[in-house]
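Sharing a structure with you now.
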There are 2 protein chains.
Amino acid sequence: MTKNLGPAAARRTFDEEVVLDAAAHVFRRHGFGGATVREVAQAAGMLPGSLHYRYPSKETLLLDLMERALNRLLALGRAAVEPARDPAERLRLGLGAHIEALLSGDDDFYVLLYDWRSLEGGAMQRMLRLRARYEGFWDDLLLDAARAGWARPGIDLELVRQFGFGAMNWVAQWRQENDPRTPGEIADAFWSYLAFGLLAEDKRRTFGQTAKKRKGGRR
Amino acid sequence: MTKNLGPAAARRTFDEEVVLDAAAHVFRRHGFGGATVREVAQAAGMLPGSLHYRYPSKETLLLDLMERALNRLLALGRAAVEPARDPAERLRLGLGAHIEALLSGDDDFYVLLYDWRSLEGGAMQRMLRLRARYEGFWDDLLLDAARAGWARPGIDLELVRQFGFGAMNWVAQWRQENDPRTPGEIADAFWSYLAFGLLAEDKRRTFGQTAKKRKGGRR
DNA sequence: AAGTTTCTTGGTCATTTGACCAAGAACCAC
DNA sequence: GTGGTTCTTGGTCAAATGACCAAGAAACTT
């Protein structure tokens with residue numbers, strides 16, 4: 001099939017990137033449901049027919065896009081974490097990479113986070129599997145840190161992951177282009193909130209007691 | 001105009017709720033852009049024409065829906081916080097209320113969080129103003145706590161709010177119907193993560209030093 | 001019960017939308 | 001350069017969509 005890996009193939013992959021970039025941009029603005037293939041084609045600098053030649057359906061576009069996003073996120077995470085051996089430092093680096101990715105201006109990640117519900121059937125299954133890989137990456141980081149004694153005892157690591165994901169992913173929502181805080185500053189601040197909590201040193205003791213007492217869980 | 005506040009008016013408000021509930025349900029599943037007014041009408045148990053009689057456009061529906069969501073959220077928050085005087089306890093109660101609302105099964109909140117980009121022009125401005133009220137509610141809680149000495153010095157309260165919003169709002173995304181954790185348990189866990197952090201007691205000191213050293217902020 | 005207001009019915013209408021394609025242009029390997 | 005492959009052009013087409021409405025039914029007021 002693709003036995004030819006010369007300039008033609010290179011151009012094809014390049015064009016594919018351009019198309020997905022355009023799709024990401026359009027989907028981000030209007031949402032998958034609100035976007036039209038014509039808009040995507042225009043953003044990619046081609047006619048709708050040409051887009052159709054590359055992507056037979058709007059849904060294929062979304063699937064490829066989200067797949068690319070998740071693969072990129074995982075690659076960035078792994079690369080960021082790789083140089084460190086200390087589990088806590090690896091966590092910190094992973095957090096930094098995730099936040100920098102979301103704020104890099106790459107629209108992929110936004111679509112990945114906010115157009116999940118537009119997937120259906122097989123596409124959804126496929127993405128769930130990919131997402132599980134990324135979650136596994138984080139669970140490994142967390143588990144390593146916990147095993148090395150970094151984690152406060154009794155915390156639920158899966159809940160911690162979701163807690164952290166939420167805090168991190170939300171930045172894609174609120175951070176404006178003109179925000180004075182750099183992505184790195186936000187990451188550092190978040191890291192300190194996560195590690196140390198928000199309570200003042202002198203309040204930890206007394207407060208801890210009251211919180212511990214109420215343990216039955218309401219509702 | 002509406003000088004008659006008898007049963008007719010009561011039924012109207014009731015019907016309005018039903019319609020908005022239906023819209024919330026449909027918008028949540030397919031997204032605003034992907035949903036059709038016909039679907040909303042059917043979910044509300046009426047013909048498209050009847051829906052049009054109440055709401056002249058799809059966008060009106062979204063605006064009213066998100067307005068209701070934000071008003072409800074603010075009302076729930078205020079009610080939850082009201083009985084306590086201690087700033088930290090008020091924060092804890094607010095967090096519980098927010099999470100319980102998101103997990104109550106009310107589709108409004110999901111739409112509020114994830115269809116923001118479908119608003120345009122005046123509707124967007126209006127919602128921004130309402131959102132600012134809710135953010136103000138939280139900023140007051142945070143500021144009171146900080147002024148009473150509960151907060152670790154040097155933390156950015158606005159960043160903390162976004163951090164917390166992210167962690168809380170994300171639960172609407174990941175929590176499944178069959179999750180063993182009750183909303184109350186999730187809220188309690190999140191509260192402890194926020195207050196105390198995730199680090200083990202014995203690691204706080206040494207770790208703190210390394211974290212403090214790197215202060216320039218990357219990038 | 002009559003008169004008035006509120007709401008429903010069952011449809012129309014102009015656009016938009018996703019998908020598709022035949023014919024030709026551009027590109028490439030040989 | 002030539003022959004085959006890849007991609008674009010400029011359009012079509014059926015279905016879906018948001019908005020709309022005239023006529024009648026239901027509900028309410030007095």
Side-chain angles (χ1 to χ4, degrees), chain A residues 1-23 26-27 29-65 111 115 118-123, chain B residues 1-23 26-27 29-65 111 115 118-123:
Chain A
M1 218 163 258
T2 321
K3 59 177 149 188
N4 166 19
L5 291 176
R11 192 154 67 78
R12 177 159 44 223
T13 24
F14 173 76
D15 281 8
E16 204 167 285
E17 298 281 302
V18 171
V19 169
L20 288 183
D21 287 351
V26 173
F27 289 171
R29 297 196 82 80
H30 309 305
F32 176 77
T36 72
V37 292
R38 276 167 244 261
E39 282 174 310
V40 175
Q42 189 175 16
M46 59 181 63
L47 295 179
S50 299
L51 180 60
H52 179 72
Y53 176 75
R54 292 140 191 278
Y55 285 91
S57 78
K58 194 180 165 191
E59 220 196 329
T60 324
L61 220 36
L62 178 64
L63 181 59
D64 274 24
L65 180 54
V111 176
D115 269 315
S118 297
L119 294 169
E120 31 188 49
Chain B
M1 219 163 256
T2 319
K3 60 176 147 187
N4 165 19
L5 291 176
R11 193 154 67 80
R12 175 161 45 224
T13 24
F14 174 76
D15 281 8
E16 204 167 286
E17 297 280 302
V18 170
V19 169
L20 288 183
D21 286 350
V26 173
F27 289 171
R29 298 196 81 82
H30 309 304
F32 177 77
T36 72
V37 293
R38 275 167 245 259
E39 282 175 309
V40 174
Q42 189 175 15
M46 58 180 63
L47 295 179
S50 298
L51 180 60
H52 179 72
Y53 175 75
R54 292 140 191 276
Y55 284 91
S57 79
K58 195 180 163 190
E59 220 196 329
T60 324
L61 220 34
L62 178 65
L63 181 59
D64 275 23
L65 180 52
V111 175
D115 270 313
S118 297
L119 293 169
E120 30 188 50

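Chain A is the first sequence line, chain B the second, and so forth, proteins listed ahead of strands; every chain is numbered from 1. Quick note: numbers below take in every heavy atom, side chains included, and nothing from hydrogens, waters or symmetry partners.
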### Task
For B:L62 and D:dA19, give me the distance from atom CG to atom P, rounded to whole Å.
12 Å
### Pairwise 5' ranking along DNA chain D for A:L51 and A:R38, keeping only the more 5' one
A:L51
### Task
Report yes if at least one side-chain N or O of B:Y53 is closer than 4.0 Å to OP1 or OP2 of C:dC7; otherwise report no.
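Yes, such a contact exists.
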### Task
Find the distance A:L61:CG to C:dA19:C1' and express it as a whole number of Å.
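Between C1' of C:dA19 and CG of A:L61: 13 Å.
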### Query
For A:E59, does the CD atom have more than 12 heavy-atom neighbours from other residues, nucleotides or ligands under 6.0 Å away?
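Counting neighbours around CD of A:E59, more than 12 heavy atoms of other residues, nucleotides or ligands fall under 6.0 Å, so yes.
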### Query
How far apart are the closest heavy atoms of B:D115 and B:F27, and which atoms are they?
OD2-O, 3.7 Å
### Query
Atom OH of B:Y55 to atom P of D:dA19: distance rounded to whole Å?
14 Å
### Task
Using whole Å, report how far CD of A:E59 lies from C1' of C:dA19.
14 Å
#### Entry: Test item: A:T36 and A:H30 side chains (from C-beta on) under 4.5 Å apart, heavy atoms
no
### Query
Counting any heavy atom closer than 4.0 Å, what does A:A41 reach on the DNA or RNA strands: base, sugar-phosphate only, or nothing?
nothing
#### Entry: Contact check, side chains of B:H52 and B:V37, non-hydrogen atoms, under 4.5 Å
no
#### Entry: Whole-Å gap separating P (C:dA19) and CD (A:E39)
14 Å
### Message
If I take atom CD in residue B:E16 and atom P in nucleotide C:dC7, what distance separates them, rounded to the nearest angstrom?
### Response
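Rounding to the nearest Å, CD of B:E16 and P of C:dC7 are 10 Å apart.
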### Query
Between A:K58 (NZ) and C:dC20 (C1'), how many Å, whole number?
17 Å
### Query
Does A:G49 or A:A35 map to a spot on DNA chain C nearer the 5' end, using the closest nucleotide for each?
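The answer here is A:A35.
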### Message
Testing the basics here: between B:E39 and B:G34, what is the closest heavy-atom pair and its distance to 0.1 Å?
### Response
OE1-O, 4.1 Å
#### Entry: Integer-rounded Å distance: C:dG11 P and B:H52 NE2
18 Å
### Task
With DNA chain C as reference, determine whether A:S50 or B:S50 sits nearer its 5' end, using the nearest nucleotide of each.
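Its nearest nucleotide being more 5', the pick is B:S50.
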### Query
When we call it a touch if two heavy atoms are under 4.0 Å apart, what does A:T36 touch: a base, just sugar-phosphate, or nothing?
sugar-phosphate
### Task
Look at B:R54 and C:dT6 and indicate whether a side-chain polar atom (N or O) is within less than 4.0 Å of OP1 or OP2.
no
